[in-house]
Engineer: 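I'd like to ask some things about the structure below.
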Amino acid sequence: MVRGSTIVAGAVAPAFLALCATAIAQPTLVATINEPTVTADSHFGWAIGTDGFTLGVANRRVISAGVTQNTVYLYEDGTSGWSLVKTLTGFTTSDRVWEIVFDDDTLAISDKRSDIYDTDGGIVWMYQRDSTTGLWPSTPTQTLAPPASPDTCQNFGQSIAIDGDLMVVSAHGRYNGSGERTGWAYAYQRDNASSPWHLVGDLDPGFTNSYLVFAQCALTLEVPRFGTSVATDNGRFVISAAGADHGGSPGMPVADKDWGFLAYVGSDLLVSNPGTDPVGSPAPFEEVLEFGPATIDTYGQQIAMQGSLIAIGNRGKTGTANEGVLVYYGDGGSPEQWTTTPVVIADPNPGTGASNIAGKMGFSEDLIITSTNSWNTPELPEAYVFRRNMGGCEGWGLVAELTDPDMKPTSSPLPGIGGGLANKRGVEIVGRTVFLAGAWDDIGSDTFAGSVYIYTIPDCPGDIDGDLDADSDDLDSFATLFLASDPAADVDCDSDWDLDDIDAFVDMFLLGCS
């Protein structure tokens, strides 16, 4: 630790300069996983999910018109790297695996467009790993059917969030009971890991909508779509409705509507006795906050939650300035109070042909990752990683850009990482490890075979100027910002600029980039 260094604007004293060590902070590709038998048009990586130790990867291989073969491969990270430990089959009649969600020894796999119960009704398969042997079963330990069956196009399994013995499953196309397809969510509970899941309540958004427009189960923006995305942490759930309207009138063109978003932060959903499934009963669910500006196109397309942080994604319309991620902060109290004005993480490449960020998001410690729809503009990155408190307290600075190693040429802008419709499920982050799916990537001569890429994100806390390295430019930048009392130099976030900030910055700078 260095105290008392003399800092002048635009320059750094010799004692401070002696600390300078350049280290470029770039993501490192540590592993590439291909399907055990590489096959053209398999789309390996159509959906992925991980807890950091176990990775689930789905393919979507078209056998014939209307028939697909879906397999989910489970990999585990061991001393020799990632190895295949289980192959889950039985999804042949399924349209596509949509969600893969892990929570300790619990795994949920959904197909929101399964026709097993209703046309596009959806289905969720539950698997439970043996905590003693560490082995996964070959067949589901439980299958969850849409509670509202029959109800075509309800998309049960659109989004899933699990927190211990509590789970929320959404069906963003379900009718509300009044002939309006507004969306729904369901709360499930179990007594312990060995007991079955029981439906303990419906989460009814109470929406009405008199100008529904849908055909062949295609939900347009005019539909509220409650349950578009679900996130959880510490017994609280956030549920989005990316098509909720806060001011448009029936019959107005889509472009003229004021699209909004409703997020519900639930307190503890647990009930004392799950018992049997009380379909239609109200859930013990408390709406404690409603987010959502009224002028954003797809606010809430994806959401993420970690502790007292909620990230709400807005992919916006291509060519608008609305693309970005909005982060809301809680105070950790009970009941928790949340900020009403979010910190905005702007799209690094906004405007026409934009990367269209917030396809999927995830928190991990001080990082947030967001995927893009870069297949619209293949030369742009497929994902961005931002770090908290970079560029100011509660600010989020760009620390990594990730690009598909098998990028399609501009003349053939096919989906890269994330794979077409699966791009919303094609990115995960645990610790400083990132998992990216390229379901449309070629493997040799096998077109669209698909791959999953695993990267590590370097830690570069002294990179104050956001150029992904730690060097003398950062020392100069810190000196200038410190003398100007800029928030970016308030390193300890105590709203003043003193030796503690200098000490804290020096400590971070000395860590370099790892």
Engineer: Start with the C-alpha distance between Thr433 and Tyr455, add both sets of side-chain angles, then the distance that settles side chain to side chain contact (heavy atoms under 4.5 Å, CB included), and finish with yes or no.
Structural biologist: CA-CA 6 Å; Thr433 302; Tyr455 291 85; over 6 Å; no
Engineer: Where the side chain of Ser170 meets the backbone of Ala185, is there a donor-acceptor pair that is under 3.5 Å apart?
Structural biologist: no
Engineer: Passes side chain to side chain contact (heavy atoms under 4.5 Å, CB included), Asp441 versus Phe448? Steps please.
Structural biologist: CA-CA 5 Å; Asp441 287 353; Phe448 306 149; over 6 Å; no
Engineer: Say you draw a straight line from CD of Glu76 to OG1 of Thr54; how long is it, rounded to the nearest 0.5 Å?
Structural biologist: 4.5 Å
Engineer: How far apart are the closest heavy atoms of Gly56 and Leu74, and which atoms are they?
Structural biologist: CA-CD2, 3.9 Å
Engineer: Considering all heavy atoms of both residues, which atom of Phe478 and which atom of Asp501 are nearest to each other, and what is their separation?
Structural biologist: CZ-O, 3.9 Å
Engineer: Counting C-beta onward and ignoring hydrogens, is there a side-chain heavy-atom pair between Glu365 and Arg388 closer than 4.5 Å?
Structural biologist: no
Engineer: Look only at the side chain of Asp104 and the backbone of Thr106, and say whether a donor-acceptor pair between them is shorter than 3.5 Å.
Structural biologist: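 A pair under 3.5 Å: no.
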Engineer: Should Tyr453 and Phe435 count as side-chain neighbours, where that means a heavy-atom distance under 4.5 Å?
Structural biologist: no
Engineer: Would you say the side chain of Leu402 lies within less than 4.5 Å of the side chain of Val434, judging by non-hydrogen atoms?
Structural biologist: yes
Engineer: Given the side-chain rings of Phe102 and Phe53, with only the six-membered ring counted for Trp, is the space between their centroids under 6.0 Å?
Structural biologist: no
Engineer: Do Val327 and Trp396 touch side chain to side chain, with heavy atoms closer than 4.5 Å?
Structural biologist: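 Result yes, sub-4.5 Å side-chain heavy-atom pair found.
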Engineer: Is Phe505 close to Leu475 at the side-chain level, that is, under 4.5 Å between some pair of heavy atoms?
Structural biologist: yes
Engineer: If only atom types and distance count, is the side chain of Asp163 paired as donor or acceptor with the main-chain N or O of Thr232 below 3.5 Å?
Structural biologist: no
Engineer: Decide whether Glu428 and Thr50 meet the rule of one side-chain donor and one side-chain acceptor closer than 3.5 Å.
Structural biologist: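 No donor-acceptor contact under 3.5 Å links the two side chains.
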Engineer: Under the criterion side chain to side chain contact (heavy atoms under 4.5 Å, CB included), I'd like the reasoning laid out for Leu398 against Tyr384: C-alpha separation, chi angles, the key distance, then a yes or no.
Structural biologist: CA-CA 7 Å; Leu398 180 66; Tyr384 300 106; 3.8 Å; yes
Engineer: Looking at every heavy atom in both Trp497 and Ser485, which two are closest together, and how far apart are they?
Structural biologist: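 Of all heavy-atom pairs spanning Trp497 and Ser485, the closest is CZ2-O, 3.0 Å.
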Engineer: Kindly say whether Gln302 contributes a backbone atom to a donor-acceptor pair with the side chain of Ser229 at under 3.5 angstrom?
Structural biologist: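 It does not hold such a pair.
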Engineer: Going from CG on Leu309 to CD on Gln306, what distance comes out if it is rounded to the nearest 0.5 angstrom?
Structural biologist: 6.0 Å
Engineer: In the structure I gave you, are the side-chain heavy atoms of Lys360 and Thr370 within less than 4.5 Å of one another anywhere?
Structural biologist: no
Engineer: How many angstroms lie between atom NE2 of His43 and atom CZ of Arg96, to the nearest 0.5 angstrom?
Structural biologist: 10.5 Å
Engineer: Are the side chains of Val325 and Ile368 in contact, using a 4.5 Å heavy-atom criterion?
Structural biologist: yes
Engineer: Hey, does Val238 have a side-chain heavy atom less than 4.5 Å from the side chain of Val230?
Structural biologist: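 No; the side chains remain at least 4.5 Å from each other.
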Engineer: Once rounded to the nearest 0.5 Å, what's the spacing between atom CD1 of Ile457 and atom OG1 of Thr28?
Structural biologist: 8.5 Å
Engineer: Where do Gln158 and Trp98 come nearest, in terms of heavy atoms and distance?
Structural biologist: O-NE1, 3.0 Å
Engineer: Looking at every heavy atom in both Ser110 and Val124, which two are closest together, and how far apart are they?
Structural biologist: CB-CG2, 3.9 Å
Engineer: After noting the C-alpha distance and the side-chain angles of Asp111 and Arg60, does the key distance pass the salt bridge (Lys or Arg N to Asp or Glu O under 4.0 Å) rule?
Structural biologist: CA-CA 11 Å; Asp111 172 14; Arg60 183 176 185 261; over 6 Å; no
Engineer: Quick one: pull up CD1 in Ile429 and CG in Leu367 and give me the separation to the nearest 0.5 Å.
Structural biologist: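 Going from the CD1 atom of Ile429 to the CG atom of Leu367 covers 5.0 Å.
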Engineer: Roughly how far, to the nearest 0.5 Å, is the CZ atom of Phe509 from the CG atom of Asp471?
Structural biologist: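 Going from the CG atom of Asp471 to the CZ atom of Phe509 covers 6.5 Å.
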Engineer: Would you tell me whether Asn34 and Ser451 have side-chain atoms, one donor and one acceptor, within less than 3.5 Å of each other?
Structural biologist: yes
Engineer: What are the two closest non-hydrogen atoms of Leu481 and Ala489, and how far apart are they?
Structural biologist: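 Result for this residue pair: C-CB, 3.7 Å.
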Engineer: Checking side-chain polar atoms at under 3.5 Å, does Asn59 have a donor or acceptor matched by the opposite partner on Ser42?
Structural biologist: yes
Engineer: Asp233 side chain to Gly307 main-chain N or O, any donor-acceptor pair under 3.5 Å?
Structural biologist: yes
Engineer: Are Ile33 and Ile454 close enough, and set up right, to give a side chain to side chain contact (heavy atoms under 4.5 Å, CB included), and what steps lead you there?
Structural biologist: CA-CA 8 Å; Ile33 300 178; Ile454 303 176; 3.9 Å; yes
